[in-house]
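Accompanying notes for the structure given below.
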Amino acid sequence: MDQEREFDLSDEGQHRHRIVQMDKGGLRRVLGIRDLFALGYSDVGSSIYYALGVTALYALGATPLALALAGIAFFCTTLTYAEMASALPEAGGSSSFARHAFNDLVSFIAGWALLLDYIVTIAISAYTVGPYLSYFFPALKIVPVNLSFSLLVLGVLFLLNFIGIKESTRISFLLCLFDIATQLSIITIGAIFLLNIPHLMEFMRIGVSGVDWSPTWPQFWKGVSMAMVAYIGIESIAQLGNEARSASRTLPRSLLLTMVTLFLMYFGISAVALSAIHPKILATQYLEDPLAGIAAALPVGRELFGPWIGILGATILFVAANAGLVGASRLTFAMGEYYQLPRIFYRLHPRFRTPYISLAIFGILAGLVILVAKRLTFLADLYNFGAMLAFSLAHLSLLGLRVRKPNLERPFKIPFNLRFKNVQLPLTAILGLLVTFAVWVDVVITKPAGRNLGFIWMGIGLICYFAYRRQQRIAVTAHVEIERVEMPEFKPLLIKKILVPTLGGLYTENIQIACELAQVHGADVTALYVIEIPSALPLDTFLPDRFGAGEAALKRAQAIGRESEISLKTQLLQARSAAEAILDVLKEGSYDLVVMGAVMKKGSPASTLGNTVEAVIRSAPCRVWICKTTSK
């Protein structure tokens with residue numbers, strides 16, 4: 001005889017790494033190569049407006065060489081992101097890569113480190129919009145005024161992205177074209193009137209004693225570390241995998257286009273800068289606005305380029321803050337989807353399909369950083385701490401997937417590989433891993449401010465991650481896989497007004513249930529007591545005993561509401577029929593739900609709920625929930 005078999009399809013009966021959930025649809029795939037390039041270039045390209053000065057602070061005359069060495073690491077990292085984004089076109093960037101290559105704990109470390117960078121990106125970009133506009137509005141040089149203006153910038157960015165990313169990328173693309181045209185004009189004028197290659201080569205010498213333009217070797221390597229800030233924003237493009245059209249094709253192309261454009265702009269601007277300005281002056285007087293110094297030194301168009309650079313700097317930094325906010329919201333959306341962050345980060349606006357809660361949270365966090373940050377170099381250290389850790393894990397993830405999944409479809413595959421049996425390891429990923437990890441170690445050893453706050457940030461994140469995974473009963477190192485089930489018939493319950501007729505006496509379970517439902521849905525609750533007046537008496541007859549019983553029942557309902565922290569409304573009516581009174585109140589008040597109580601005696605037929613309850617079930621214009629109580 002065959003034995004019965006029981007299949008447990010509940011969460012407890014399955015491996016916790018596989019989670020079944022409804023397919024609610026995702027972010028809209030509306031971004032092409034132009035849009036991806038605009039967001040990526042605006043994030044990375046904006047760094048020249050402060051990274052050039054910070055790099056010159058340490059590298060002095062060897063600043064172009066420092067930028068070139070950092071550019072090699074950027075080249076390796078861009079190729080890694082191009083291959084990984086083409087193979088895994090989803091939101092999350094290095095966090096997503098690490099989840100596929102290793103597990104969710106490594107993925108969380110990469111994602112949480114990047115979130116620190118996004119907060120700093122948003123903060124520093126929004127804060128430096130004001131100083132560039134101070135050419136036109138001198139009041140923005142006053143710190144309290146600029147702080148208020150920076151918060152206003154964050155508010156505008158939130159509204160743009162709340163409405164939809166397509167609208168924000170259109171603005172980004174136009175501003176990027178304006179930025180590239182301006183920088184090309186500066187490079188062209190500088191090349192004609194200022195560029196002095198023998199002078200540049202002389203200044204690039206390192207370790208020359210007795211001069212103020214040559215850095216020591218330790219200073220130079222610090223300059224290389226700071227120059228890495230100039231290339232950090234490449235992650236922003238990878239974060240948009242869920243919103244890119246034909247992501248396997250558009251993501252790698254936009255990444256490579258961004259890389260080539262940046263190389264041309266950065267090396268051109270740095271060469272012109274050090275041909276026009278002494279390294280010491282660039283690193284001190286123009287530390288925070290190096291392009292303003294270049295414009296002031298131009299022999300032609302100086303009067304034009306002054307206001308031009310003011311507008312240019314403000315616009316591209318505005319776009320960079322926008323790119324940072326987009327990246328942070330998309331990263332937390334992906335981490336929320338895979339239960340690395342609370343599911344509130346995975347919530348999309350029902351109309352605009354944007355992660356509005358993530359946008360709001362990171363806009364607020366960036367505002368707090370603006371209010372407490374004091375030094376540009378300190379923010380750069382924070383930048384490098386998180387970004388270099390995330391980039392190292394991205395390179396490591398690529399190498400891991402080349403070993404573990406050599407047959408994974410890769411529309412773009414890095415050439416120049418080392419072959420070990422059947423495994424091909426890209427030379428650029430190995431070099432990128434060594435360089436980015438070395439810069440991270442340098443920050444940890446030599447930059448106490450960045451190290452301390454960086455480790456505090458990571459510690460807080462890991463504590464929250466472990467606690468949340470424990471609450472969800474998911475192992476911290478599990479590889480969560482999401483299985484989506486299409487349920488087109490499913491509609492969210494919108495319950496904002498609940499009516500609960502009270503029976504009086506000891507039967508209050510329906511009131512308790514109504515209050516608990518109100519807590520979940522944020523609904524208003526009204527308790528109703530109906531005094532039935534016999535037809536032999538006028539409807540307005542005052543019956544003291546029944547009136548007193550009704551008042552007592554409603555007071556009990558209010559007490560239950562207070563216990564549930566619900567401000568419960570009460571209504572006492574006189575009517576010929578309780579059922580008719582309840583139905584009239586439901587129609588006039590446009591209620592979404594009525595919770596009825598049904599008291600049944602032991603042994604009574606299950607179909608007998610009482611005349612009032614059955615009448616309400618038949619004719620109610622809204623949902624009816626029945627709370628059955630069995631009397632002794």
Side-chain angles (χ1 to χ4, degrees), residues 45-74 124 128 131-132 183 186-232 262-300 302 305-306 309 312-313 375-381 383-384 439 442 446-447:
S46 68
S47 302
I48 195 67
Y49 289 89
Y50 46 84
L52 181 59
V54 174
T55 303
L57 182 64
Y58 296 99
L60 297 173
T63 294
L65 184 58
L67 285 169
L69 290 177
I72 294 173
F74 173 64
I124 194 172
T128 48
Y132 275 94
Q183 291 190 30
I186 292 174
I187 292 171
T188 302
I189 294 174
I192 295 173
F193 294 101
L194 296 174
L195 186 62
N196 188 334
I197 294 178
H199 175 77
L200 282 176
M201 298 301 294
E202 174 70 15
F203 269 36
M204 283 188 193
R205 290 193 297 157
I206 303 168
V208 179
S209 59
V211 296
D212 61 355
W213 47 261
S214 178
T216 64
W217 280 104
Q219 285 178 316
F220 174 72
W221 291 118
K222 284 184 180 179
V224 174
S225 175
M226 285 298 179
M228 299 291 283
V229 173
Y231 302 109
I232 283 175
L262 280 171
F263 279 157
L264 295 175
M265 296 300 152
Y266 273 35
F267 298 146
I269 288 292
S270 63
V272 170
L274 292 175
S275 296
I277 308 171
H278 191 278
K280 273 290 184 183
I281 297 176
L282 181 64
T284 53
Q285 186 176 344
Y286 296 107
L287 173 65
E288 296 184 358
D289 53 351
L291 263 71
I294 299 173
L298 290 176
V300 177
R302 186 181 308 173
F305 275 105
I309 291 297
L312 170 67
R375 291 184 292 114
L376 184 61
T377 52
F378 173 70
L379 292 174
D381 291 342
Y383 238 5
N384 276 335
V439 174
D442 176 71
T446 64
K447 308 292 188 342

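All heavy atoms count here, side chains included; hydrogens, waters and symmetry mates do not.
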*What is the distance from atom CG of Leu262 to atom CD1 of Ile269, rounded to the nearest 0.5 Å?*
12.0 Å
*What are the two closest non-hydrogen atoms of Ala62 and Met204, and how far apart are they?*
CB-O, 3.9 Å
*Which heavy atom in Ala227 sits nearest to a heavy atom in Leu67, and how many Å separate them?*
CB-CD2, 3.9 Å
*Could you tell me the separation between the CG atom of Leu274 and the CD1 atom of Ile281, rounded to the nearest 0.5 Å?*
11.5 Å
*Would you please name every residue forming a side-chain contact (heavy atoms from CB on, under 4.5 Å) with Leu298, sequence neighbours left out?*
Ile189, Leu194, Phe305
_Restricting to ring pair (Phe, Tyr, Trp, His ring centres under 6.0 Å), what partner residues turn up for Phe193, sequence neighbours left out?_
none
*Minimum-distance pair of heavy atoms, taken over all atoms of Ala297 and Ile277*: CB-CG1, 4.2 Å
*Quick one: does Ser270's side chain have a donor or acceptor within less than 3.5 Å of a partner on Phe267's backbone?*
yes
*Could you tell me which non-hydrogen atom of Ala59 sits nearest to which non-hydrogen atom of Pro215, and how far apart they are?*
O-CG, 3.1 Å
*Considering only heavy atoms from C-beta outward, does the side chain of Leu282 approach that of Thr63 to under 4.5 Å?*
no
*side chain to side chain donor-acceptor pair (under 3.5 Å): pairs with one or both residues in residues 272-282, sequence neighbours excluded*: Asp212-His278
_Residues that Leu69 engages under side-chain contact (heavy atoms from CB on, under 4.5 Å), provided they are two or more places apart_ = Ile72, Phe220, Trp221, Val224
*Within a strict 4.5 Å, meaning less than it, do heavy atoms of the Ile187 and Met265 side chains meet?*
yes
_Considering only residues two or more places apart or on different chains, which pairs with a residue in residues 196-210 satisfy side chain to side chain donor-acceptor pair (under 3.5 Å)?_
Glu202-Arg205
*What distance do Ile206 atom CD1 and Leu65 atom CG have between them, rounded to the nearest 0.5 Å?*
5.5 Å
*By side-chain contact (heavy atoms from CB on, under 4.5 Å), which residues pair with Ile192, not counting sequence neighbours?*
Thr188
*What closest approach, in Å, do Val439 and Ser225 show between heavy atoms, and which atom pair accounts for it?*
CG1-OG, 3.6 Å
